[in-house]
> 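Encoded as structure tokens, here's the structure I'll be asking about.
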Amino acid sequence: MPNVNLKLHDVLMATLGSRNKIATLFNVSPQAVSLWKKTGVPERIALLCHLSEDIPYIFNPSDYGVDNKGLKLNLETTKKVMTNDSIK
């Protein structure tokens, strides 16, 4: 994952203040949040950050290798973010 995704981890820490608060917000474990410092923030979380008015982050598709793919976001039915390529 590109280094630019690691910056989102820093933005989340600065905005929310702790890995426990980040974990609670995104329904993941604090250990998962700690791993993001090395692996980068998952695309699903990055998209949710982009949609949040409280987190100063703009999603860049090229950071996740989805430059020319349309995205579908339907949290009511799927609870997932996926590219149109994965929809059959």
Side-chain angles (χ1 to χ4, degrees):
M1 205 168 283
N3 288 338
V4 76
N5 297 325
L6 299 177
K7 292 180 184 176
L8 178 52
H9 180 274
D10 295 337
V11 168
L12 289 170
M13 288 299 291
T15 303
L16 299 172
S18 75
R19 69 182 185 140
N20 289 334
K21 289 181 181 178
I22 297 167
T24 299
L25 180 64
F26 295 110
N27 196 31
V28 299
S29 70
Q31 293 80 8
V33 175
S34 292
L35 286 175
W36 296 350
K37 187 68 176 170
K38 292 181 182 179
T39 63
V41 178
E43 182 179 7
R44 174 183 75 85
I45 303 298
L47 284 164
L48 292 172
C49 291
H50 175 85
L51 294 172
S52 173
E53 293 180 7
D54 299 325
I55 300 171
Y57 173 75
I58 298 174
F59 180 79
N60 183 352
S62 64
D63 293 346
Y64 290 90
V66 292
D67 286 335
N68 296 315
K69 297 180 180 182
L71 298 175
K72 177 183 179 185
L73 176 65
N74 187 341
L75 295 177
E76 288 183 26
T77 59
T78 64
K79 305 291 185 211
K80 296 179 182 176
V81 177
M82 60 190 78
T83 65
N84 286 335
D85 293 352
S86 60
I87 300 170
K88 305 249 184 217

> Side chains of residues 45-55: which donor-acceptor pairs under 3.5 Å do they make with residues two or more places apart or in other chains?
from : atom 1 : to  : atom 2 : distance (Å)
H50  : ND1    : F59 : N      : 2.9
S52  : OG     : D54 : N      : 3.1

> Hey, are S62 and N60 close enough side-chain-wise for a donor-acceptor pair under 3.5 Å?
yes

> Would L35 end up clustered with I22 when hydrophobic side chains under 4.5 Å apart are linked, directly or stepwise?
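As far as the 4.5 Å side-chain criterion goes, I22 and L35 are not connected within one cluster.
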
> Nearest 0.5 angstrom please: I58 CD1 to D63 CG, how far?
11.5 Å

> Quick check for you: to the nearest 0.5 Å, what is the distance between D10 atom CG and T15 atom OG1?
10.5 Å

> Using the rule that Ile, Leu, Val, Met, Phe, Trp and Tyr join whenever any side-chain heavy atoms are under 4.5 Å apart, tell me whether Y64 and V28 fall into a single cluster.
yes

> Please name the pair of heavy atoms, one in L12 and one in F26, separated by the smallest distance, quoted to 0.1 Å.
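Here L12 and F26 meet closest at CD2-CE1, 4.0 Å.
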
> P30 and N20: which non-hydrogen atoms are nearest, and at how many Å?
CG-OD1, 3.1 Å

> Among residues at least two apart in sequence or on other chains, which ones pass side-chain contact (heavy atoms from CB on, under 4.5 Å) with T24?
none

> So do the side chains of V41 and Y57 get within less than 4.5 Å of each other, counting heavy atoms only?
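Heavy-atom side-chain distance check fails, nothing below 4.5 Å.
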
> Rounded to the nearest 0.5 Å, what separates atom CZ in R19 from atom OG in S29?
8.0 Å

> So which atom in V11 and which in P56 form the shortest heavy-atom distance, rounded to 0.1 Å?
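For V11 and P56, the tightest heavy-atom pair comes out as CG1-O, 3.8 Å.
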
> For K21 versus L16, what's the shortest heavy-atom pair and its separation?
CD-O, 3.1 Å

